[in-house]
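One structure is given below, encoded as structure tokens.
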Amino acid sequence: MDLARSETRIFRGIAASPGIAIGTVRMTDRSRVAVSEVSIAPDEAAQECDRFQKALDHAREELQNLKQQIAASHGPEHLYVVDTHLLILEDTMLTRGTLDLIERELINAEAALKRNLLKFKEFFAAIDDEYLRERAVDVETVVERIMRAMVGKRQECIRSIDGGKLIVIAHDLSPTDILQIDKSRVIGVATDLGGKTSHTSILARALEIPAVVGLETITGADIDGLPVIIDGTDGTIVVNPDPETFRDYLKRKQHYDYLEQEFLKLKDLPSETLDGHRIGLMGNVEFAEEIPSLTGHGGEGVGLYRTEMLYMSRQGLPDEEEQFRAYAAIVESMAPLPVTIRTLDVGGDKLATDLHLEDEMNPALGLRAIRLSLRKPEIFMIQLRAILRASALGKVRIFFPMISGIEEVRAAKRLLEEAKGELRAADIPFDEKLEVGIMVEIPSVVVIADILACEVDFFSVGTNDLIQYTLAIDRTNEHLAHLYQPLHPAILRSLKMVVDAAHAAGIRACMCGEMAGEPLFLPVLLGLGFDELSMTSVSIPRVKKVLRRATKADAERLVARALTYATASEVEGFLKGEISARFSESFD
Ligand code: PEP
Ligand code: MG
């Protein structure tokens with residue numbers, strides 16, 4: 001073996017789907033079909049157009065077959081990926097556009113298709129939205145399929161890859177590639193391209209296949225067939241690990257897998273303390289594809305459905321029908337468990353492409369979230385009607401983000417009533433008892449929580465923003481990360497004020513910020529009296545484990561003590577000591 005192939009090599013990319021896999025590299029060729037441009041005579045144009053049409057038919061047939069295979073192996077939830085590709089195949093900009101180019105420019109079909117793809121790429125590249133830019137990849141994948149049909153070149157199918165414990169490495173993998181993976185053979189994936197929100201990453205997470213993306217040039221390395229470790233939790237790939245690294249990762253993998261198995265045993269057990277106190281453990285989701293993982297981890301409902309992805313993933317705004325379908329998919333798959341739908345929360349670090357937001361000096365303090373919805377009621381009403389319609393299909397709750405005072409709550413509720421009136425007039429069913437809540441993520445709301453509690457059915461504390469605004473720490477600024485302290489005494493006191501105000505008014509106190517999913521914080525949140533905690537799916541059994549070994553009475557004592565400390569580090573030291581005295585193992 002030459003020296004380079006026997007060296008240990010480490011590649012760092014984007015952690016796209018958690019978990020550690022140890023296996024062998026299997027490079028798969030996803031190189032594009034090479035296309036050269038050839039001029040044709042006017043009387044050859046019809047023949048070229050015909051070749052293109054036949055390739056479209058062929059690609060359509062392949063996708064229909066793929067759809068059946070995926071339906072058989074994964075059920076119906078993920079078919080939307082193939083459906084998206086089928087829709088792209090019907091797009092007139094793609095089909096008519098290519099035929100026009102053949103006829104007008106008198107060039108061969110492959111070259112016309114390639115030129116047309118370049119137009120698509122320019123169009124997508126100009127979009128200032130990572131999620132939408134990623135959708136250009138879907139168009140490229142479909143074009144590649146048509147191209148291969150025209151030149152009669154077959155591509156290696158992930159489903160037919162032989163061997164065991166393979167880590168498939170490719171320049172790029174399409175969502176349909178991920179759906180074809182047989183987990184008994186392929187245990188991890190890594191790609192040059194891709195981001196955390198690409199469909200490929202979303203599906204890898206949904207199917208729980210460890211993945212690292214955005215490695216840029218890994219396919220240029222001569223590593224096919226070599227031993228490899230992929231750590232999808234921190235985005236690392238180690239090729240030819242030395243014995244010490246291998247042992248280290250093996251231990252980590254065994255620990256991770258052991259904990260995952262241990263945690264999953266708790267899946268169907270009640271989320272209740274030793275002294276019989278229940279807390280609802282729910283999931284935060286952005287896409288319907290995350291629901292199987294949520295129910296698989298024992299989620300008791302969706303505590304936060306971030307609807308902004310619908311607005312960020314497209315050109316133009318989603319209409320009522322499209323929103324209704326998206327909400328209905330989640331509500332129906334969770335029924336009878338509740339789905340808590342948050343109205344549009346764009347602005348700040350979340351940009352939507354087609355809302356024409358102006359540049360602001362302080363976007364985090366700007367025209368965002370509920371402020372934007374109230375400023376643009378025509379857009380807000382569409383969302384309200386869609387949510388109301390979905391409420392007829394299961395248990396839906398609605399809540400508003402970035403509320404700062406009572407006028408906003410009242411204005412939002414007025415519009416909600418108006419939307420209900422419109423549906424009633426049109427005889428369209430919805431849940432008349434739909435619960436209405438607010439996010440508590442601005443300090444002013446904490447201070448007047450007692451007043452606001454009389455206006456709504458529940459509070460949901462968004463600690464990601466509440467910490468940002470209370471401590472004046474930009475949540476996206478890595479230089480300030482050390483000051484971003486969930487256990488800061490000001491935060492603990494704020495949380496207490498919110499829960500106390502909620503309970504005094506007889507409404508629920510929930511939390512859906514990241515703080516809710518940290519097992520170390522569970523005793524504090526339990527002691528403060530939170531009724532529901534919503535978090536990313538994999539955290540649910542971890543939090544449940546601590547919950548089931550705790551008692552409410554003990555947690556209340558612990559919180560009373562924690563509230564007496566003057567700094568976050570004192571609180572943290574105290575908590576860690578108390579937790580390690582009660583639990584011998586770690587939770588991550
Ligand atoms: C929060 O702010 O804590 C929250 C849950 O909302 P987001 O992270 O979407 O701002
Ligand atoms: Mg927030």
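Start at 1 and go down the list; that is how both ligands and their atoms are numbered. All figures in this text were calculated on a predicted structure; none of them were measured in a lab. In what follows, every heavy atom counts, from backbone to side chain, and hydrogens, waters and symmetry copies are set aside.
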Can you sort out which atoms of ligand 1 are near C512, meaning under 4.0 Å from one of its heavy atoms? 5 (C)
Walk me through it: do E572 and Y565 pass the test side-chain hydrogen bond (donor to acceptor under 3.5 Å, both in side chains)? CA-CA 10 Å; E572 191 173 338; Y565 291 104; over 6 Å; no
How long is the span from the OG1 atom in T470 to the CD atom in Q485, to the nearest 0.5 Å? 12.5 Å
Would a 4.5 Å heavy-atom cut-off, applied to side chains only, mark R306 and R342 as touching? yes
Quick check: does D465 put an N/O/S atom under 2.8 Å from the Mg ion (ligand 2)? yes
Heavy-atom check, side chain of H297 versus side chain of E260, under 4.5 Å: yes
Checking contacts here: is it the side chain or the backbone of M515 that comes within 4.0 Å of ligand 1, counting heavy atoms only? Could be both or neither. neither
Nearest heavy atoms of E432 and K420, plus distance in Å: O-NZ, 4.2 Å
Do the side chains of D531 and H503 get nearer than 4.5 Å, heavy atoms only? yes
Quick one: does L294's side chain get under 4.5 Å of E290's, heavy atoms only? no
Going by the atom numbers of ligand 1, which of them fall below 4.0 Å from some non-hydrogen atom of L304? 5 (C)
Does M439 come within less than 4.0 angstrom of ligand 1, counting non-hydrogen atoms of the residue? yes
Just jot down the ligand 1 atoms closer than 4.0 angstrom to any heavy atom of D465, in number order. 1 (C), 2 (O), 3 (O), 10 (O)
Which atom name does E441 have for its N/O/S atom nearest to the Mg ion (ligand 2)? OE1
If we only count N/O pairs under 3.5 Å, is E514 in contact with ligand 1? no
For ligand 1, indicate whether the residue N284 contacts it via side chain, backbone, both or neither (heavy-atom separation under 4.0 Å). neither
So which bit of R306 gets within less than 4.0 Å of ligand 1, heavy atoms only: side chain, backbone, both or neither? side chain
I need the atoms of ligand 1 closer than 4.0 Å to a non-hydrogen atom of G462, numbered in the order shown. 1 (C), 2 (O), 3 (O)
Enumerated ligand 1 atoms positioned under 4.0 Å from heavy atoms of G513: 3 (O), 5 (C)
